[in-house]
J.: 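Below: one structure in structure tokens.
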2 protein chains.
Amino acid sequence: MSPSALPYRPHNHDACVAQALTEARSICQQHNARLTPTRERVLELIWQSHKPLGAYDILAVLAEDGHNAAPPTVYRALDFLQQYGLVHRIASLNAFIGCTHAGKSHSGMFLICRSCSNVLELTAPGVASAVNTAAAEESFRPDDVTIEVSGYCPGCTSDTPHD
Amino acid sequence: MSPSALPYRPHNHDACVAQALTEARSICQQHNARLTPTRERVLELIWQSHKPLGAYDILAVLAEDGHNAAPPTVYRALDFLQQYGLVHRIASLNAFIGCTHAGKSHSGMFLICRSCSNVLELTAPGVASAVNTAAAEESFRPDDVTIEVSGYCPGCTSDTPHD
DNA sequence: TTGCTAATGTTATAATGTTGCAAATTTCAC
DNA sequence: GTGAAATTTGCAACATTATAACATTAGCAA
Ligand SMILES: [Zn+2]
Ligand SMILES: [Zn+2]
Ligand SMILES: [Zn+2]
Ligand SMILES: [Zn+2]
């Protein structure tokens, strides 16, 4: 078994954020897309932890920033970031999380801890192929696959839930 | 390849509804749960087609019925029906669909057609086991699995989208 | 009856997400 | 550089989805 994944153990999270921002800049440059200050700030906020963040949570922080922002500001930034695969929306939570596989084409699977709220994004090729097989048997042509697993992470399966 | 699944071809849908209601009565009886008129009516409305229905759509029909209903009425009925596995919520649509495997314990996978909106619920044991394997590799204990696949159904892959 | 519990009614409000248009900024051809 | 075109942002209003809190009613049993 692999060692605990990042979200589940102490780590230098500033490095996570820095790397995410660096990659985002690079990806946007490749696509001639403009990672404007607002968009970058939203991405940074989403990466403030490995827990998903709601649009209105983001909005509240922007307000603290002194940024005079309304909901469309946030949703537009989120749309942009999703478009370039920099963040994912977790449908079962109405919240957003930074993509840990930005750039690489992937169909994510999300492990959502009910106790500590941390989310781990996996690539899970086995799952993707099983889904495609099942869909093919019904002659269904998949376009977008949502896989969200709620449960308990390694840290929270034991009796002492993590933060 | 199997022939087209029910939602994708003409069929006697009244039979779908009748069977769903019969099974629901039986399941509720087994659990000493009361399938009250409101709950039964909501279930019937959800089964009016193989397309998912929003809570406020249900509310509107109840109003036409002359039923003086407010949102909590609908959401409470939906909670009840979900609790006994009679309907599922489709997170990516904020909508509800009748369960086609009521009674049998199952972890569903939903094929959602972008064109005609019909939803097919599959059992897909291969997918379930792939998800469990992937989760186990991260020492994650799954509790609830959401798998929603948006795409195009057999009828809508061709150039003439179905209703 | 009486008293208990589950279910429903009612009002208000919270949380999430969108539309439409005007103003500002950036891009790019000239 | 200058000006038109396109992108991005500000802003106000609105739409949709879901819940909280508390009163009332229906079902059921002692
Ligand atoms: Zn990702
Ligand atoms: Zn946890
Ligand atoms: Zn049918
Ligand atoms: Zn279709």
Side-chain angles (χ1 to χ4, degrees), chain A residues 24-25 28-46 51-84 86-97 117 146 148, chain B residues 24-25 27-46 51-63 65-84 86-97 117 146 148:
Chain A
R25 288 187 198 107
C28 287
Q29 202 159 31
Q30 285 167 36
H31 292 78
N32 282 318
R34 295 170 49 204
L35 190 62
T36 62
T38 302
R39 290 165 174 172
E40 185 169 325
R41 178 68 175 136
V42 169
L43 181 59
E44 186 187 19
L45 288 175
I46 286 179
K51 308 179 203 290
L53 208 56
Y56 280 75
D57 296 329
I58 294 168
L59 189 59
V61 180
L62 289 183
E64 288 175 16
D65 280 3
H67 188 308
N68 192 356
T73 301
V74 171
Y75 283 103
R76 285 192 286 226
L78 289 170
D79 284 348
F80 173 90
L81 295 170
Q82 282 181 271
Q83 192 178 335
Y84 292 98
L86 302 173
V87 311
H88 295 290
R89 191 182 122 97
I90 309 291
S92 57
L93 299 177
N94 297 333
F96 301 83
I97 187 105
S117 301
T146 298
E148 300 174 7
Chain B
R25 288 186 198 107
I27 287 167
C28 287
Q29 203 159 31
Q30 284 167 36
H31 292 78
N32 283 317
R34 293 171 51 205
L35 189 61
T36 62
T38 302
R39 290 166 175 172
E40 186 169 324
R41 178 67 175 136
V42 169
L43 181 59
E44 186 186 20
L45 288 176
I46 285 179
K51 308 178 202 292
L53 206 58
Y56 280 75
D57 296 329
I58 294 167
L59 190 59
V61 180
L62 289 182
D65 281 4
H67 187 307
N68 191 357
T73 301
V74 171
Y75 282 102
R76 287 194 283 228
L78 289 170
D79 284 348
F80 173 89
L81 295 170
Q82 283 182 269
Q83 191 178 334
Y84 291 98
L86 302 173
V87 311
H88 294 290
R89 191 182 121 96
I90 308 291
S92 56
L93 298 177
N94 297 332
F96 301 82
I97 187 104
S117 301
T146 298
E148 299 174 8

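Lettering follows sequence order; numbering is per chain, from 1. In this text the structure is predicted, and so the values were computed from the model without any measurement.
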J.: Could you tell me the separation between the CG atom of A/Leu35 and the P atom of C/dT26, rounded to a whole number of Å?
T.: 14 Å
J.: Could you report the tightest heavy-atom contact between B/Phe80 and B/Arg34, atom names first, then the distance?
T.: CZ-O, 3.5 Å
J.: Closer than 3.5 angstrom, by distance alone: can the side chain of A/Glu148 be matched with the main-chain N or O of A/Ala91 as a donor-acceptor pair?
T.: yes
J.: What pair of heavy atoms forms the shortest contact from B/Pro52 to B/Ser117, and how long is it?
T.: CD-O, 3.3 Å
J.: Whenever both distances are under 3.5 Å in a Watson-Crick or G-U wobble pair, mark it; put DNA chain C into dot-bracket that way, with [ ] for crossing pairs and | when the partner is on another strand.
T.: ||||||||||||||||||||||||||||||
J.: Find the distance B/Asn32:CG to C/dT5:C1' and express it as a whole number of Å.
T.: 14 Å
J.: Pick out the pairs of N or O atoms, protein on one side and nucleotides 28-30 of chain C on the other, that lie under 3.5 Å.
T.:
none

J.: Report the distance from atom CG of B/Leu53 to atom P of D/dT16, rounded to the nearest whole Å.
T.: 15 Å
J.: In whole angstrom, give the distance that lies between atom CG of B/Leu78 and atom C1' of C/dA7.
T.: 15 Å
J.: Is the shortest heavy-atom distance from the side chain of A/Leu86 to the side chain of A/Cys28 under 4.5 Å?
T.: yes
J.: Can you see if the side chain of B/Asn68 gets near the phosphate of C/dG9 - specifically, an N or O under 4.0 Å from OP1 or OP2?
T.: no
J.: Look at the side chain of A/Arg41 and the backbone N and O of A/Leu62, then say whether any donor-acceptor pair between them is shorter than 3.5 Å.
T.: no
J.: Using whole Å, what does the distance between atom P of nucleotide D/dC11 and atom NE2 of A/His67 come to?
T.: 9 Å
J.: Which is more 5' along DNA chain C, the nucleotide nearest B/Thr36 or the one nearest B/Ala70? Just name the residue.
T.: B/Thr36
J.: So how far is it from B/Asn94 CG to A/Asn94 CG, rounded to the nearest 0.5 Å?
T.: 6.5 Å
J.: Please tell me if the side chains of B/Thr73 and B/His67 come closer than 4.5 Å, counting only heavy atoms from C-beta onward.
T.: yes
J.: What's the CZ-C1' distance between B/Phe80 and C/dA7, to the nearest Å?
T.: 11 Å
J.: Expressed in angstrom and rounded to an integer, what is the separation of A/Glu40 atom CD from D/dT9 atom C1'?
T.: 17 Å
J.: Which atoms form the tightest heavy-atom contact between A/Ile46 and A/Val87, and what is the distance?
T.: CD1-CG1, 3.8 Å
J.: More than 12 non-hydrogen atoms from neighbouring residues, nucleotides or ligands closer than 6.0 Å to CD on B/Gln82, yes or no?
T.: yes
J.: For C/dT8, take OP1 and OP2 only and decide whether either is under 4.0 Å from a side-chain N or O of B/Thr73.
T.: no
J.: To the nearest 0.5 Å, tell me how far B/Glu44 CD sits from B/Ile58 CD1.
T.: 12.0 Å
J.: Quick one, give me the B/S/- string for nucleotides 17-30 of chain D, reading 5' to 3', where B means a protein heavy atom under 4.0 Å from the base and S means that only happens at the primed atoms, P, OP1 or OP2.
T.: BBBB------S---
J.: Examine distances only and state if a side-chain atom of B/Arg25 and a backbone atom of B/Leu35 form a donor-acceptor pair shorter than 3.5 Å.
T.: no
